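I have placed the structure first, in the form of structure tokens, so that the comments after it can refer back to it.
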Amino acid sequence: MSQFQTTQWSMVLNAGNEPGQARHALESLCRMYRPPVLAYILGHHYTAESAEDLTQTFFARFIEQGYYLKADPLRGSFRAFLLTALKRFLNDVLDQEKTIKRGGLTQLRSLDTMVSGDYALRDRETPELAFHRAWAHTVVKDALRTLREEAQSAGKTELFGELSVFIAERPDDADYERVAAKFGMRRNTIAVAVHRLRQRLRELIRNQLAQTAADNDELEHELDELGQSISLFVS
């Protein structure tokens, strides 16, 4: 059996066969990918409060009104489908706001009130780029959380705390020597441990993205997109 026949996204695409499993999988995906949706809406200059409300409304409609039933497995990943549905939703909201404005009421948006932090729009960044940046951040953050939990289960929490900073940034010899001395380990042992953490992190990221892809080609595309998006939040 192909790994893609039992992923969360495949369950959603086959909602007609197992509606209960499909809804559970969809709710799980929506919880996971809430940050990119929030980032996209914030990118349209909504206040933090309005963006939070719109994010909740979007996911409620996405699930309750069966947006996912229109998903075409030939059109790609859950990420791509989510972004398309989000664009349509926000366009409808903007149309409603224009109607309200013509009636003399105040718009929900405010160009003067932007939130700071991970999801705020950066200089010369489009809402779509903010969506992809937040998506990449979410994927990596969740994979790191799993990696940390695995270290805790193995009784290596303190060691992981020291080595985790080396996963993204390659340490120099002095860093290896310092950690090796602290834990009474050989320098080469520390280097091997860091290498294994990096390998495991890549594996966790791949497994997570596989849950949102329809096939292997789409998975490889998601991995490529992730690599490009990562540069957006580390730059």
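Hydrogens, waters and symmetry mates are skipped; everything else that's a heavy atom, side chains included, is used. Here the structure is a predicted model, which is why all the values come from computation and not from measurement.
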- Message: Hydrophobic clustering (ILVMFWY, side-chain heavy atoms < 4.5 Å, transitive) - are Val165 and Val179 grouped together?
- Response: yes

- Applying the 4.5 Å side-chain criterion to the ILVMFWY set and letting contacts propagate, would Met185 and Val192 be lumped into a single cluster? no

I need the [X] [atom1] to [Y] [atom2] distance, nearest 0.5 Å.
X	Y	atom1	atom2	value
Leu54	Leu86	CG	CG	9.5 Å
Leu147	Arg198	CG	CZ	12.0 Å
His221	Leu209	NE2	CG	11.0 Å
Asn207	Arg202	CG	CZ	13.0 Å
Met32	Leu82	CE	CG	12.5 Å

Using every non-hydrogen atom in the two residues, find where [X] and [Y] come nearest and quote the distance to one decimal.
X	Y	value
Gly43	Pro127	O-CG, 3.4 Å
Leu42	Ala48	CD2-CA, 4.2 Å
Gln211	Leu29	O-CD2, 4.4 Å
Thr212	Trp9	O-CD1, 3.3 Å
Ser229	Ala136	CB-CB, 3.5 Å
Ala210	Leu219	N-CD1, 3.6 Å

If you count every heavy atom of other residues, nucleotides or ligands that lies below 6.0 Å from [X] atom [atom1], does the total exceed 12?
X	atom1	answer
Glu150	CD	yes
Gln199	CD	yes
Arg178	CZ	yes

Flag the pair [X] / [Y] as yes when at least one side-chain heavy-atom distance between them is below 4.5 Å, and no otherwise.
X	Y	value
Gln208	Glu222	no
Phe58	Leu90	no
Leu144	Ile167	yes
Leu204	Asp142	no
Gln152	Phe160	no
Arg187	Asp173	yes
Thr84	Lys87	no
His44	Ile41	no

- Task: Could you tell me whether Glu220 and Arg206 make a salt bridge, using a distance below 4.0 angstrom between a side-chain N and a carboxylate O?
- Result: yes

- Message: Classify the ring geometry of Phe62 against Phe59: parallel below 30°, tilted from 30° to 60°, perpendicular beyond 60°.
- Response: perpendicular

- Message: Below 30° counts as parallel, above 60° as perpendicular, anything between as tilted: where do the rings of His132 and Trp135 land?
- Response: perpendicular

- Message: Would the distance check show the side chain of Asp175 and the main-chain N or O of Asp172 forming a donor-acceptor pair, the cut-off being under 3.5 Å?
- Response: yes

- Got a donor-acceptor contact below 3.5 angstrom from the Ser28 side chain to the His24 backbone? no

- Message: side-chain contact (heavy atoms from CB on, under 4.5 Å) for Lys182 and Glu158? Distances and angles first, verdict last.
- Response: CA-CA 11 Å; Lys182 179 176 180 178; Glu158 187 177 1; 3.7 Å; yes

- Message: Could you walk me through whether Tyr176 and Val194 satisfy the side-chain contact (heavy atoms from CB on, under 4.5 Å) test, starting with their C-alpha distance in whole Å, then the side-chain angles of each, then the deciding distance to 0.1 Å, before giving a yes or no?
- Response: CA-CA 10 Å; Tyr176 278 137; Val194 171; 4.0 Å; yes

